[in-house]
Amino acid sequence: MLLTKLFLFQTIRYFIIGGGAFLILNKWARVRFQKYRIQETPVSQKQLSTEIKYSLITLLMFSAFFSTIFSPPISPYIKVYAESNIYPLWWSIISVPILVILHDTFFYWMHRTLHHKFFYNKFHRTHHLSTNPTPFASFSFHPVEALLETIWILPVLMIIPIHKYSLITFAFISFLNNIKGHLGFELSSGSRRYLNSSTHHSMHHRLFKSNYGLYFLFWDRICKTEGPPA
Ligand SMILES: [Zn+2]
Ligand SMILES: [Zn+2]
């Protein structure tokens with residue numbers, strides 16, 4: 001059954017990659033990575049349990065969403081294709097960054113809307129229970145926010161033809177970017193010219209009123225919502 005397979009896959013990936021990153025940075029190689037830690041606030045066992053509980057609910061909702069749209073009666077309207085000769089190879093490649101840019105734009109405006117007092121208290125506060133986030137917080141959303149996080153892709157997949165491997169590649173980039181944002185450690189050297197960093201999102205969890213972006217800094221810069229680096 002598609003729902004079960006999707007849920008198992010996403011849950012295993014969450015614990016292996018997210019959990020692995022958490023254990024390496026916070027336990028196994030703690031001394032080595034200490035200097036890269038963004039916030040000193042200790043992470044409690046209660047915070048970890050809350051992050052994991054809401055993340056598992058979100059992953060179940062994501063699985064239900066995708067198993068629904070990839071099954072009748074919705075699937076005939078979805079333009080995801082598996083054949084290699086329908087559209088040229090360049091389209092399969094370029095559709096991945098297009099999805100990332102669309103996702104980044106949708107996320108920025110949805111996220112800013114969720115910070116309106118009315119929506120924040122009802123839905124987004126769950127994600128901000130972690131003021132010093134860990135990779136386990138990557139999917140720690142209120143169920144309504146979990147639905148909002150994924151609903152944007154339905155009209156996109158009904159309008160734009162996407163090769164299934166392009167969609168899988170995008171999903172993996174999105175997952176890794178999400179883990180990076182909640183790492184709690186800044187591992188990227190270089191300047192933060194275009195890309196959202198772990199520090200950016202960690203500061204968003206602590207300060208609430210800046211750094212709403214997901215992949216890039218464009219929207220935060222255009223709308224003057226880029227916050228302090230630390
Ligand atoms: Zn937020
Ligand atoms: Zn977050």
Side-chain angles (χ1 to χ4, degrees), residues 10 13-15 17-19 21-22 25-26 36-39 41-44 46-59 61-62 100 103-152 171 173-188 192 195-230:
Q10 293 194 92
R13 183 177 65 170
Y14 167 77
F15 279 114
I17 300 180
F22 175 82
L25 296 168
N26 292 279
Y36 302 114
R37 190 181 286 277
I38 300 166
Q39 297 188 44
T41 323
V43 173
S44 68
K46 184 169 178 285
Q47 176 185 328
L48 292 177
S49 307
T50 306
E51 289 175 349
I52 292 170
K53 179 182 82 177
Y54 280 108
S55 287
L56 289 178
I57 295 170
T58 297
L59 294 179
M61 290 192 63
F62 282 5
V100 170
H103 190 197
D104 191 60
T105 302
F106 172 83
F107 182 88
Y108 178 86
W109 290 105
M110 176 204 74
H111 193 188
R112 271 195 78 172
T113 307
L114 285 176
H115 273 263
H116 182 282
K117 204 164 61 181
F118 177 79
F119 297 110
Y120 183 86
N121 290 330
K122 279 189 162 57
F123 307 127
H124 193 49
R125 208 177 70 85
T126 305
H127 190 60
H128 280 273
L129 288 174
S130 310
T131 49
N132 182 11
T134 76
F136 289 117
S138 303
F139 297 93
S140 178
F141 304 121
H142 183 284
V144 170
E145 183 175 348
L147 183 64
L148 290 172
E149 292 275 345
T150 193
I151 195 86
W152 68 278
I173 291 170
S174 179
F175 171 81
L176 291 178
N177 182 67
N178 203 8
I179 295 288
K180 183 194 85 175
H182 297 92
L183 218 48
F185 291 77
E186 186 54 70
L187 303 181
S188 63
R192 322 175 304 149
L195 294 176
N196 206 353
S197 64
S198 307
T199 305
H200 253 96
H201 197 66
S202 184
M203 286 302 108
H204 173 73
H205 275 261
R206 198 176 89 182
L207 303 172
F208 304 97
K209 293 197 183 299
S210 55
N211 302 340
Y212 298 100
L214 182 59
Y215 300 89
F216 307 111
L217 299 173
F218 302 128
W219 282 111
D220 275 310
R221 296 228 167 114
I222 291 167
C223 301
K224 302 196 186 322
T225 52
E226 188 180 1

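First listed ligand is number 1; within each ligand, the first listed atom is number 1. Here the structure is a predicted model, which is why all the values come from computation and not from measurement.
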J.: Which heavy atom in Ser140 sits nearest to a heavy atom in His127, and how many Å separate them?
T.: O-ND1, 3.0 Å
J.: Where do Leu59 and Gln10 come nearest, in terms of heavy atoms and distance?
T.: O-NE2, 3.5 Å
J.: Which heavy atom of Phe123 sits nearest to which heavy atom of Glu145, and what is that distance?
T.: O-OE1, 4.0 Å
J.: What atom name does the N, O or S atom of His115 nearest to the Zn ion (ligand 1) carry?
T.: NE2
J.: Does His200 offer a backbone N or O that forms a donor-acceptor pair with the side chain of His204 under 3.5 Å?
T.: no
J.: Less than 2.8 Å from the Zn ion (ligand 2) is the window; count the protein N, O or S atoms in it.
T.: 4
J.: Quick one: does any side-chain atom of Lys180 pair with a main-chain N or O of Leu187 as donor and acceptor, under 3.5 Å?
T.: no
J.: Taking CZ in Phe175 as the centre, count heavy atoms belonging to other residues, nucleotides or ligands within less than 6.0 Å. Is the count above 12?
T.: yes
